[in-house]
**Q** 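Below you'll find the structure I mean.
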Amino acid sequence: MIDYKKKEFKRTFICILTTVLLLAGGSLIYWWEVSHRLREDVRVILDAAGKELAGNINRVLTTQQRILTTLAVSLKDDPILQDSKQLSSYLADQNGHSSFALTGYQFEDGRTVFSNGEKQDFFLSPQLVETIKKTPLLLVHQTHHPFEAGQQYFLLATSVWNKHQPWGVVFALQPISSYQQALGDLVLTDISLSLLIDQQGNVIVSHPQGAEPNMFQVIAQAQPDKMFPVEKMRHNIHQGKEGIFSYYFQGKQRFLSYYPVGYNQWYAVAILPAISIAKEIKSLVFLSFVLCLAIIVAFSLLLVFILRMQHQNSKALYKMGFIDSLTENDNLSAFQLKLPTLLSSLRAKQQLAAMLLVNINRFKALNDIYGFEQGDQVLVQMANNLKGELHAGELLCRSGADRFLLLLVCSNREELAERVEQLVTKLEKSCQLGQEILPLSLSCGIYVIEEETPFYIMMDRTKLALDTAKQRAGTRYAFYDREYLQKIVTEKRIESSMETALADKQFKVFLQPKYSFQTGRMVGAEALVRWIHPTQGMIRPDWFIPVFEKNGFILKLDHYIWKEVVAFLKKRQEQGRHVVPIGVNFSRLHLDDPQFIESISAAARNAGVETKWLEVELTESVVFGNTKRMQQVLGGLHAHGFSVAMDDFGAGYSSLNVLKDLDFDCVKLDKEFLARGEANPRMRQVISGLVKMIKELGSKIVAEGVETENQAKFLRDIGCDTAQGFLYSRPLPLEDFVKKLEEENPQN
Ligand code: C2E
Ligand code: CA
Ligand code: CA
């Protein structure tokens with residue numbers, strides 16, 4: 001769950017970060033785009049403003065030039081020039097029609113007549129007159145009024161050629177304010193500074209007034225390290241070209257455009273500080289920034305909301321799919337999900353991991369006695385107690401009703417066994433019902449994970465180990481082992497084919513002869529079943545009898561063998577051949593069958609075989625603790641004329657008392673008993689004493705598993721009656737047995 005949360009958080013964080021970055025990037029691009037556009041706009045505006053400015057000035061000057069030229073043309077060869085009084089009043093008249101402040105005429109000899117009637121010599125200096133002569137029509141210059149103080153004027157002049165007089169100059173004074181008006185009178189934009197400059201950068205007029213005297217100097221001083229723009233401007237102005245650029249003045253950016261006005265190589269200059277643009281940009285950027293921020297916040301909130309919903313949903317889903325609703329712990333799916341990562345980390349650390357399946361024995365009874373609610377309580381406590389026993393990195397889940405699956409980490413099997421032992425001991429006593437401790441009985445199956453196998457196989461193996469633990473009395477836990485699994489597999493295989501085997505007559509009777517110690521003659525035989533499997537060959541009874549005893553099939557098989565033996569005896573009798581009594585093994589399960597005796601005697605009766613030729617072998621373990629029933633059975637069998645042998649005497653819980661109470665015709669000494677006597681002289685004495693006592697009780701004694709002459713001698717010496725074992729003969733197929741019987745009893 002913690003891992004899950006971490007991932008969730010990481011995902012949210014990445015999501016928000018990406019969004020914010022994207023939006024920030026977007027805003028940046030937007031800002032750049034906006035400022036770029038604005039700069040472009042500034043360029044366009046400034047360009048237009050410069051052009052307009054130059055146009056305004058040009059228009060003013062052109063008008064004034066026209067007026068002056070007209071005046072000059074009207075005065076050419078005019079006799080009025082002879083009369084200075086008349087000339088003065090003519091000039092005054094003309095002046096009145098224009099915006100000029102003062103108009104005048106200067107003769108070659110320096111005499112000057114003004115429109116206001118004044119006269120003065122050499123108003124224009126001879127050098128200036130020289131210049132005016134060279135200039136085709138007009139010269140404009142800044143000057144003072146010859147008769148009034150204060151105001152600044154422009155002087156406009158043009159030369160007049162006269163037939164009588166060699167030449168003259170017509171001039172006019174125009175107040176500077178009219179040019180300032182032309183500079184300030186812009187439609188397009190509020191230019192902060194408009195100038196009229198000459199080729200050297202000298203400021204002729206400025207709007208507003210008070211500009212620095214030289215433009216080039218101002219820019220050069222403002223950014224001495226960056227002379228390129230001003231040099232370019234100077235160069236362009238010399239070439240008569242227009243231009244636009246930006247420069248820094250007192251740390252602030254300004255944009256500047258210059259345009260020729262078409263007179264005297266003068267230029268109109270428009271200057272716009274960047275601040276006004278920046279202000280515009282800034283407010284735009286601020287607006288877009290606020291917008292972006294709002295979007296980011298809104299988006300983030302939405303994202304957080306969605307993720308929260310998603311988180312809640314997946315939490316609910318996780319709970320549904322991976323949490324056991326009763327114990328609030330992981331369920332099997334969660335366990336299975338977490339296992340691979342854990343196992344690979346353990347493998348890397350070279351640590352062992354084991355799956356442990358803990359089962360509460362007879363939980364159903366507990367439920368029945370205390371009720372389901374209390375039963376649930378027990379399970380919850382069990383889960384919590386188990387959880388408390390886990391080390392870091394170990395896993396727990398409830399895998400079934402009363403089963404808990406754990407993954408334990410250990411360094412070896414011994415340590416693990418010890419831990420499980422302690423764990424179980426503790427857990428069996430740690431469950432409380434009310435004020436009392438409820439003692440529990442637990443069984444555990446352990447599978448030490450040694451190889452990479454699918455989960456269901458590991459689970460199966462752990463379950464098998466649990467089955468083993470439950471079957472073995474006195475053990476609370478068992479490890480999974482391969483042999484056990486093999487056994488289970490074989491059992492399953494046996495079970496699946498037993499019915500067909502019986503129907504197909506795959507079960508065959510083998511007969512092992514019994515010999516008399518006294519006479520050395522065959523005095524009997526024991527029927528031993530063999531399974532002749534079509535593909536696996538002969539299967540020994542040790543393999544399948546225990547399985548059949550478990551599933552009850554032995555009842556069928558024993559009756560079948562009995563019938564086969566009866567049939568064999570019948571055939572021999574019919575043929576008039578020699579026979580010996582044959583013992584048949586019966587499982588203890590028959591004791592619970594009330595029809596047992598009746599059914600076997602019926603088989604013999606129906607075949608017409610005398611019961612004296614048939615012996616029933618019952619193992620010692622059957623007898624133990626069941627004396628009453630045994631007495632009944634013995635009585636019944638005897639009543640029908642069967643003799644009864646106690647099989648495997650000395651193998652398990654040998655009790656002479658049993659022999660005393662039960663009237664067996666024969667006691668078969670177990671082969672293990674004999675083997676023990678071989679190695680131990682004291683044991684031989686015990687056997688000898690036993691044999692004597694059994695004989696005194698009136699039973700015959702058959703020694704099983706006689707393999708050596710030594711054994712035979714000993715047995716004969718202590719008074720055994722009959723011998724059965726490989727020394728004499730192995731169990732034989734019927735034909736071989738018959739052959740042997742015939743050989744030993746040649747008949748006339
Ligand atoms: P059992 O009744 O004690 O049978 C004697 C077993 O000892 C037989 O094993 C036999 O082959 C073996 N044996 C005989 N002589 C010697 C010897 O000198 N040395 C050694 N080592 N073994 C010897 P088998 O045939 O494998 O049968 C095993 C057990 O299976 C029998 O033990 C019996 O308890 C059971 N069994 C066999 N056939 C039947 C049957 O038809 N019904 C029932 N219920 N059990 C049967
Ligand atoms: Ca037997
Ligand atoms: Ca036996």
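Order of listing sets the numbers, starting from 1, for every ligand and every atom in it.
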**Q** State whether Asp647 contributes an N/O/S atom found under 3.0 Å from the Ca ion (ligand 3).
**A**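 It does: Asp647 brings an N, O or S atom closer than 3.0 Å to the Ca ion (ligand 3).
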**Q** Taking the side chain from Gln711 and the backbone from Thr708, do they hold a donor-acceptor pair closer than 3.5 Å?
**A**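 Yes: the side chain of Gln711 pairs with the backbone of Thr708.
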**Q** Between Glu598 and Arg605, does at least one N-O distance fall below 4.0 Å, as a salt bridge requires?
**A**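 A salt bridge is present here (some side-chain N lies under 4.0 Å from a carboxylate O).
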**Q** What atoms of ligand 1 come within less than 4.0 Å of a heavy atom belonging to Gly725?
**A**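 Here the atoms of ligand 1 in question are 15 (N), 18 (O).
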**Q** Yes or no on side-chain hydrogen bond (donor to acceptor under 3.5 Å, both in side chains) for Asn385 and Ser430, after CA distance, side-chain angles and deciding distance?
**A** CA-CA 8 Å; Asn385 294 342; Ser430 58; 3.2 Å; yes
**Q** Is a side-chain donor or acceptor of Asp721 paired with a backbone partner of Ile701 at a separation under 3.5 angstrom?
**A**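 Looks like yes, one N/O pair under 3.5 Å.
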**Q** Decide, counting backbone as well as side-chain atoms, whether Glu704 has an N, O or S atom less than 3.0 Å from the Ca ion (ligand 3).
**A**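 Checking the Ca ion (ligand 3) against Glu704, an N, O or S atom does fall under 3.0 Å.
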**Q** If you count the atoms of ligand 1 from 1 in the order shown, which ones are under 4.0 Å from a heavy atom of Val706?
**A**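 That gives atoms 18 (O) of ligand 1.
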**Q** Can you pull out the closest protein heavy atom to atom 8 (C) of ligand 1? Residue, atom name and distance to 0.1 Å, please.
**A**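 I find the closest protein heavy atom is Leu528 CD1, 3.7 Å.
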**Q** With the threshold set at 4.0 Å, does a side-chain nitrogen-carboxylate oxygen contact exist between Lys514 and Glu615?
**A**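 Yes.
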**Q** So which of the N, O or S atoms of Asp648 lies nearest the Ca ion (ligand 3)?
**A**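 Checking each N, O and S atom of Asp648, the shortest distance to the Ca ion (ligand 3) belongs to OD1.
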**Q** Who's the nearest protein heavy-atom neighbour of atom 16 (C) of ligand 1, and how far?
**A**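 Here the closest protein heavy atom is Phe726 CE2, 3.2 Å.
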**Q** Look at atom 5 (C) of ligand 1 and say which protein heavy atom is nearest, naming residue and atom and giving the distance to 0.1 Å.
**A**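 For this ligand atom, the closest protein heavy atom is Glu704 OE2, 3.9 Å.
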**Q** For the pair Glu709 and Arg716, find out whether any cationic side-chain nitrogen is under 4.0 Å from an anionic carboxylate oxygen.
**A**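 Salt bridge between Glu709 and Arg716, a charged N being under 4.0 Å from a carboxylate O: no.
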**Q** Below 4.0 Å, non-hydrogen atoms only: which portion of Val584 touches ligand 1? Side chain, backbone, both or neither.
**A**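 None of Val584 does.
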**Q** Give the ring-plane orientation class for Phe553 versus Phe507, where under 30° counts as parallel, over 60° as perpendicular and anything between as tilted.
**A**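 Answer is tilted, since the angle falls between 30° and 60°.
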**Q** Evaluate whether atom CD of Gln536 has more than 12 neighbouring non-hydrogen atoms of other residues, nucleotides or ligands under 6.0 angstrom away.
**A**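 Yes, the 6.0 Å shell around CD holds more than 12 heavy atoms from other groups.
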**Q** Verify, without hydrogens or angle tests, whether Glu394 (side chain) and Val409 (backbone) share a donor-acceptor contact under 3.5 angstrom.
**A**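 Pair found, side chain donor or acceptor close to backbone of Val409.
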**Q** Who gets closest to atom 25 (O) of ligand 1 by heavy atom: Gln724, Arg530, Glu707, Arg540?
**A**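 Closest candidate by heavy-atom distance is Arg530.
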**Q** Is any NZ, NE, NH1 or NH2 atom of the basic residue among Glu564 and Lys508 found under 4.0 Å from an Asp or Glu carboxylate oxygen of the other?
**A**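 Between Lys508 and Glu564 there is no salt bridge, as every charged N stays at least 4.0 Å from the carboxylate O atoms.
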**Q** Taking 4.0 Å as the limit for heavy-atom contacts, which would you say applies to Asp542 with ligand 1: side chain only, backbone only, both, or neither?
**A**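 Asp542 to ligand 1: side-chain contact only, backbone stays beyond 4.0 Å.
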**Q** Under 4.0 Å from a heavy atom of Asp648: give me the atoms of ligand 1 that qualify, with their elements.
**A**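 That gives atoms 3 (O) of ligand 1.
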**Q** When you measure from the centre of the six-membered ring of Phe726, is the NZ or CZ of Arg730 under 6.0 Å away and within 45° of the axis?
**A**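 So Arg730 does make the cation-pi contact.
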**Q** Considering only the protein, which heavy-atom contact is closest to atom 24 (P) of ligand 1, and what is its distance?
**A**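 Going by distance alone, atom 24 (P) of ligand 1 is nearest to Pro541 CG, 3.6 Å.
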**Q** Got a protein heavy atom sitting under 4.0 Å from atom 11 (O) of ligand 1?
**A**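 Yes, there is a protein heavy atom closer to it than 4.0 Å.
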**Q** Considering only heavy atoms of Ser587, which atoms of ligand 1 have at least one such atom less than 4.0 Å away?
**A**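 Going through ligand 1 atom by atom, the ones under 4.0 Å from Ser587 are 44 (N).
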**Q** My understanding is that we take every heavy atom of each candidate and find the minimum distance to atom 39 (C) of ligand 1. Doing that for Val529, Leu618, Leu557, which one comes out nearest?
**A**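 The option holding the nearest heavy atom is Val529.
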**Q** Taking atom 6 (C) of ligand 1 as the point of reference, which of Gln711, Lys671, Glu526 owns the nearest heavy atom?
**A**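 When every heavy atom of Gln711, Lys671, Glu526 is considered, Lys671 comes closest to atom 6 (C) of ligand 1.
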**Q** Check whether any side-chain heavy atom of Val566 lies under 4.5 Å from a side-chain heavy atom of Trp562, and answer yes or no.
**A**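 Yes, side chains in contact.
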**Q** Is Ser688 reaching over with its side chain to a backbone N or O of Arg684, donor-acceptor style, under 3.5 angstrom?
**A**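 Side chain of Ser688 to backbone of Arg684: no pair is present.
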**Q** Within a distance under 4.0 Å of any heavy atom of Asp558, pick out the atoms of ligand 1 and give their elements.
**A**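 Answer for ligand 1: 40 (C), 41 (O), 42 (N), 43 (C), 44 (N).
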**Q** The Ca ion (ligand 2) is nearest to which N, O or S atom of Glu617?
**A**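 In Glu617, the heteroatom (N, O or S) nearest the Ca ion (ligand 2) is OE1.
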**Q** Who gets closest to atom 45 (N) of ligand 1 by heavy atom: Asn585, Leu727, Ile561?
**A**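 Looking at heavy atoms only, the winner is Asn585.
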**Q** At the Ca ion (ligand 2), what's the angle from Asn585 OD1 to Glu526 OE2, rounded to 10 degrees?
**A**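 Computed angle, vertex at the Ca ion (ligand 2), rounded to 10 degrees: 90°.
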**Q** Would you mind checking which non-hydrogen protein atom is closest to atom 35 (C) of ligand 1, with the distance to 0.1 Å?
**A**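 That would be Ile545 CG1, 4.4 Å.
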**Q** How about atom 41 (O) of ligand 1: does it have a protein heavy atom within less than 4.0 Å?
**A**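 Given the 4.0 Å limit, the answer for atom 41 (O) of ligand 1 is yes, a protein heavy atom qualifies.
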**Q** Which bit of Gln512 gets closer than 4.0 Å to ligand 1, counting heavy atoms only: side chain, backbone, both or neither?
**A**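 The answer is the side chain.
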**Q** Could you tell me if any non-hydrogen atom of Lys668 lies under 4.0 Å from any atom of ligand 1?
**A**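 No, that is not the case, since the closest heavy atom of the residue is not under 4.0 Å from the ligand.
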**Q** Walk me through whether Leu379 and Phe363 qualify under side-chain contact (heavy atoms from CB on, under 4.5 Å).
**A** CA-CA 10 Å; Leu379 291 175; Phe363 184 73; 3.6 Å; yes
**Q** Can any side-chain N or O of Asn585 pair as donor or acceptor with the backbone N or O of Ala527 at less than 3.5 Å?
**A**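 Present.
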